[in-house]
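For reference, the structure is listed below as structure tokens.
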Amino acid sequence: MSDMFCFQCQQTAGNKCCVNTGVCGKQPDTANLQDELVCGLIRLAEAAGHQGAQTEEISRLLIDGLFTTLTNVNFDNAAIRAFTDRVNEALRRQGGSTADEDSAWLWKGETDTVSLRATLLFGLKGMAAYAHHAMNLGYRDEEVEKWFYKGLSALAQEHSVEEWLALIMEFGQINFRCMALLDR
């Protein structure tokens with residue numbers, strides 16, 4: 001297996017993916033830490049959703065955590081580990097498991113499924129950037145924040161191609177709402 005798997009930007013090696021080191025300078029350990037953080041965010045979204053605990057604190061963790069994993073935003077391994085620790089602490093408070101898992105499942109499976117899962121994940125990361133900036137300016141939208149829980153949880157679920165497409169179309173509408181929030 002390769003040292004890393006990263007294909008979230010247009011700089012990827014050979015227009016496929018970066019597998020040894022990122023064209024952007026991202027190192028394999030950073031890419032893997034970012035994927036581990038994403039998996040922690042998925043578990044947190046699931047646990048909070050099951051507990052009905054969609055709080056401002058957890059919403060902020062989901063949004064800022066996704067923003068942290070966006071291409072070229074944060075290559076500071078210590079900062080990513082510290083953020084993952086915060087997510088794991090919130091997960092423990094929700095009664096969720098913080099057990100280590102192989103994050104490679106994000107990139108494995110049938111080609112269409114992996115592509116559609118990645119489309120939703122990368123969309124959520126982009127929307128997180130908009131929501132992060134809007135929150136810093138004092139603007140929030142409950143429906144946008146709820147969709148982070150729904151979208152992250154959906155990443156760990158099985159869906160048909162049609163169901164993935166429906167999720168992505170629904171995401172597009174909520175992302176438009178988020179961009180309008182930032183525009184305000």
- Verify side-chain contact (heavy atoms from CB on, under 4.5 Å) between R81 and L37, making sure each step is shown before the conclusion. CA-CA 8 Å; R81 280 189 198 96; L37 175 54; over 6 Å; no

- Task: Would you please say whether a donor-acceptor pair under 3.5 Å links the side chains of D35 and W107?
- Result: yes

- Message: Could you see if L155 belongs to whatever hydrophobic cluster contains I168? Use Ile, Leu, Val, Met, Phe, Trp, Tyr and a side-chain cutoff under 4.5 Å.
- Response: yes

- Message: Looking at Q173, I want to see if its CD is surrounded by more than 12 non-hydrogen atoms of other residues, nucleotides or ligands under 6.0 Å.
- Response: no

- Message: Checking K150 against E170 for the salt bridge (Lys or Arg N to Asp or Glu O under 4.0 Å) test, could you report, in this order, the C-alpha distance in whole Å, the side-chain angles of both residues, the deciding distance, and whether it holds?
- Response: CA-CA 11 Å; K150 179 177 182 173; E170 183 181 341; 2.7 Å; yes

- Item | Point-to-point distance, once rounded to the nearest 0.5 Å, from CD1 of I174 to CE of M169 | 14.0 Å

- Message: Could you check whether R93 pairs with E89 (Lys NZ or Arg NE/NH1/NH2 to Asp/Glu carboxylate O, under 4.0 Å)?
- Response: yes

- Item | N32 (side chain) donor-acceptor with P28 (main chain) under 3.5 angstrom | yes

- Message: If I take atom CG from residue L106 and atom CD from residue Q34, how far apart are they, to the nearest 0.5 angstrom?
- Response: 12.0 Å

- Step-by-step side-chain contact (heavy atoms from CB on, under 4.5 Å) determination, L137 to L182: CA-CA 8 Å; L137 293 170; L182 184 56; 4.2 Å; yes

- Query: Sub-3.5 Å donor-acceptor pair from the side chain of Y149 to the main-chain atoms of S59, do we have one?
  - Reply: yes

- Item | Neighbour count >12 (heavy atoms, 6.0 Å) for atom CZ, F122 | yes

- Neighbour count >12 (heavy atoms, 6.0 Å) for atom OH, Y130: no

- L152 and L44, any side-chain heavy atoms less than 4.5 Å apart: no

- Query: Parallel, tilted or perpendicular for H133 and F67, by the 30°/60° rule?
  - Reply: perpendicular

- Is it possible for you to say whether I63 and M179 belong to one hydrophobic cluster, with membership spreading through side-chain heavy-atom contacts below 4.5 Å? no

- Item | Exercise: identify the closest heavy-atom pair between C39 and S103 | SG-CB, 3.5 Å

- Task: Starting at CZ of R43, measure out to CG of L41 and round the result to the nearest 0.5 Å.
- Result: 9.0 Å

- Note on the structure: Heavy-atom closest pair (W164 atom, Q157 atom, distance to 0.1 Å) is CZ2-O, 3.9 Å

- Message: Side chains of V87 and L62, heavy atoms from C-beta outward: is any pair under 4.5 Å?
- Response: no

- T68-N74 side chain donor-acceptor pair, cut-off 3.5 Å: no

- Message: Using side-chain heavy atoms (C-beta onward) and a distance below 4.5 Å, is E145 in contact with Q54?
- Response: no

- Message: Just so I know, are the side chains of T119 and F171 near enough to count as touching, which here means a heavy-atom distance under 4.5 Å?
- Response: no

- Under a 4.5 Å side-chain heavy-atom rule over Ile, Leu, Val, Met, Phe, Trp and Tyr, are L121 and V161 clustered together? yes

- Task: Please check if any side-chain donor atom of T21 sits under 3.5 Å from a side-chain acceptor atom of K26, or the reverse.
- Result: no

- Query: If you look at every heavy atom in A154 and L167, which pair is closest and at what distance?
  - Reply: CB-CD1, 3.8 Å

- Under the side-chain contact (heavy atoms from CB on, under 4.5 Å) criterion, do M127 and K125 qualify, and how do the steps go? CA-CA 5 Å; M127 186 169 77; K125 288 181 178 199; over 6 Å; no

- Query: Is L165 reachable from L124 through a run of hydrophobic residues whose side-chain heavy atoms are each under 4.5 Å from the next?
  - Reply: yes

- Query: Can you hop from F176 to F148 via hydrophobic side chains spaced under 4.5 Å?
  - Reply: no

- Looking only at non-hydrogen atoms, find the nearest pair between I42 and A156 and report the distance. CG2-CB, 3.8 Å

- Query: Under the 3.5 angstrom rule, does the side chain of E36 hit a backbone N or O of L33 as a donor-acceptor pair?
  - Reply: no

- Query: Of the non-hydrogen atoms in A129 and L70, which two are nearest, and what is the gap between them?
  - Reply: CB-CD2, 4.0 Å

- Item | Within-4.5 Å side-chain heavy-atom neighbours: L116 and T113 | no

- Query: A131 and C178: which non-hydrogen atoms are nearest, and at how many Å?
  - Reply: N-SG, 3.6 Å

- Salt-bridge present (E143, R177; N to O < 4.0 Å): no

- Task: Step through the shown structure and confirm whether more than 12 heavy atoms of other residues, nucleotides or ligands are within 6.0 Å of CD on E56.
- Result: no

- Message: Donor-acceptor pair, distance only, cut-off 3.5 Å: does the side chain of E110 make one with the backbone of D112?
- Response: yes

- side-chain contact (heavy atoms from CB on, under 4.5 Å) evaluation trace for H132 with N136: CA-CA 6 Å; H132 169 87; N136 287 344; 3.1 Å; yes

